[in-house]
Amino acid sequence: MLLVMVFRGLLVLGLIMSLGRCKKDQKTKLKAAKGSGPVKVFGRRVMTVGLVLDPNLKTAVFPVLHIANRSLSPWTYSDTYDETRIPQHISQAQCQRSGCLTPDGEEDMGLESKPIRHQTLVLRRVQGETGRSGGRKKRKKGYFYKLESESVNVGCTCVRPSIFLQKQ
């Protein structure tokens with residue numbers, strides 16, 4: 001989870017720096033980074049930018065407080081894996097109960113245990129073609145990364161049930 005937050009922060013920082021650089025270089029011609037250029041993805045022509053991820057980046061390790069076990073709406077984590085996504089592993093919270101726990105440890109069905117969702121940014125690998133559209137040069141097929149958002153369950157909480165009154 002910490003790795004996802006660090007990755008998201010670095011991605012946003014890179015985008016902000018890239019936007020700032022574009023404003024500075026408005027009068028001069030921008031030089032494309034390695035891996036940048038026009039790409040055709042699903043029939044649409046898009047522009048790509050080079051991305052370098054530092055494999056030596058070390059994240060700080062904080063002691064994990066087991067809030068999930070102390071909650072009135074306890075949850076466990078399961079790991080999801082997608083080889084076409086960066087990060088490839090994302091932990092998803094799963095509520096252990098339908099109701100919520102009372103101080104005595106009994107399940108109260110008058111309250112509901114619901115997941116807390118968080119929208120996070122990921123990179124998705126897609127196949128595309130590079131090359132000039134006007135020339136007779138052969139198009140080169142390759143993989144490129146597309147920025148997407150994904151909903152991740154980060155924990156569970158107790159809520160009052162939704163009640164919908166019906167007309168008779």
Side-chain angles (χ1 to χ4, degrees), residues 1-20 22-23 38-51 53-55 57-129 141-168:
M1 188 65 166
L2 181 61
L3 182 61
V4 171
M5 289 175 20
V6 169
F7 174 74
R8 183 178 183 196
L10 289 174
L11 192 58
V12 170
L13 181 62
L15 289 172
I16 290 170
M17 289 176 63
S18 134
L19 288 174
C22 286
K23 287 181 182 177
V39 179
K40 203 165 198 178
V41 179
F42 300 120
R44 293 178 55 196
R45 194 159 185 243
V46 296
M47 190 66 170
T48 63
V49 293
L51 176 66
L53 298 176
D54 185 3
L57 180 67
K58 301 208 185 226
T59 58
V61 178
F62 298 105
V64 177
L65 300 174
H66 297 286
I67 295 172
N69 295 331
R70 296 188 345 227
S71 174
L72 298 177
S73 178
W75 67 87
T76 57
Y77 287 106
S78 64
D79 195 37
T80 60
Y81 175 79
D82 185 347
E83 96 178 5
T84 65
R85 175 184 70 199
I86 293 179
Q88 291 181 334
H89 295 273
I90 295 180
S91 295
Q92 292 271 4
Q94 294 175 329
C95 302
Q96 289 182 339
R97 301 179 181 266
S98 316
C100 296
L101 296 178
T102 64
D104 300 330
E106 300 295 320
E107 188 171 4
D108 178 6
M109 297 307 287
L111 296 170
E112 293 180 353
S113 182
K114 293 292 182 184
I116 302 167
R117 297 183 190 274
H118 175 70
Q119 203 76 16
T120 188
L121 296 174
V122 297
L123 292 174
R124 178 82 51 200
R125 187 179 69 194
V126 294
Q127 190 169 14
E129 296 177 346
K141 291 191 178 190
Y143 290 101
F144 304 93
Y145 288 92
K146 178 180 166 186
L147 186 63
E148 292 183 351
S149 66
E150 229 176 79
S151 181
V152 178
N153 294 343
V154 294
C156 293
T157 189
C158 286
V159 296
R160 289 186 299 239
S162 298
I163 300 173
F164 297 102
L165 299 175
Q166 296 180 354
K167 293 182 180 180
Q168 291 186 13

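The structure presented is a predicted model; accordingly, all values stated were derived computationally and were not measured. Just the heavy atoms: all of them, side chains too, but no hydrogens, waters or symmetry mates, feed the values below.
Between Asp82 and the choices Gln88, Arg125, Arg124, the side chain to side chain donor-acceptor pair (under 3.5 Å) rule is met once, by Arg124. Evaluated for a side chain to side chain contact (heavy atoms under 4.5 Å, CB included) with Pro115, the options Asn153, Val154, Thr157 yield exactly one hit, Asn153. The only member of Arg85, Glu150, His89 that meets side chain to side chain contact (heavy atoms under 4.5 Å, CB included) when paired with Thr80 is Arg85.
Across all their heavy atoms, Cys158 and Leu72 have their closest contact at SG-O, 3.8 Å. Scanning all heavy atoms of the two residues, the minimum distance from Trp75 to Ala93 falls at CD1-CB, 3.6 Å. Ser73 approaches Lys114 most closely through the heavy-atom pair OG-N, 4.4 Å.
Residue pairs meeting the salt bridge (Lys or Arg N to Asp or Glu O under 4.0 Å) criterion with at least one partner in residues 159-168, sequence neighbours excluded, are absent.
By the 6.0 Å contact criterion, OH on Tyr143 is open, its count of non-hydrogen atoms from other residues, nucleotides or ligands being 12 or less.
Separating the CG atom in Leu121 from the OG atom in Ser149 is a distance of 6.5 Å, to the nearest 0.5 Å.
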*Could you check Gln166 against Phe164 for side chain to side chain contact (heavy atoms under 4.5 Å, CB included), going step by step and ending with a plain yes or no?*
CA-CA 6 Å; Gln166 296 180 354; Phe164 297 102; 5.8 Å; no
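Residues Val122 and Ile86 have side chains not in contact (no heavy-atom distance under 4.5 Å, counting atoms from C-beta outward).
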List the atom pairs, with distances to 0.1 Å, where a side-chain N or O of residues 94-103 and a protein N or O form a donor-acceptor pair under 3.5 Å, not counting sequence neighbours.
unit_1, atom_1, unit_2, atom_2, d
Thr102, OG1, Asp104, N, 3.4
Thr102, OG1, Glu106, N, 3.2
Thr102, OG1, Glu106, O, 3.2

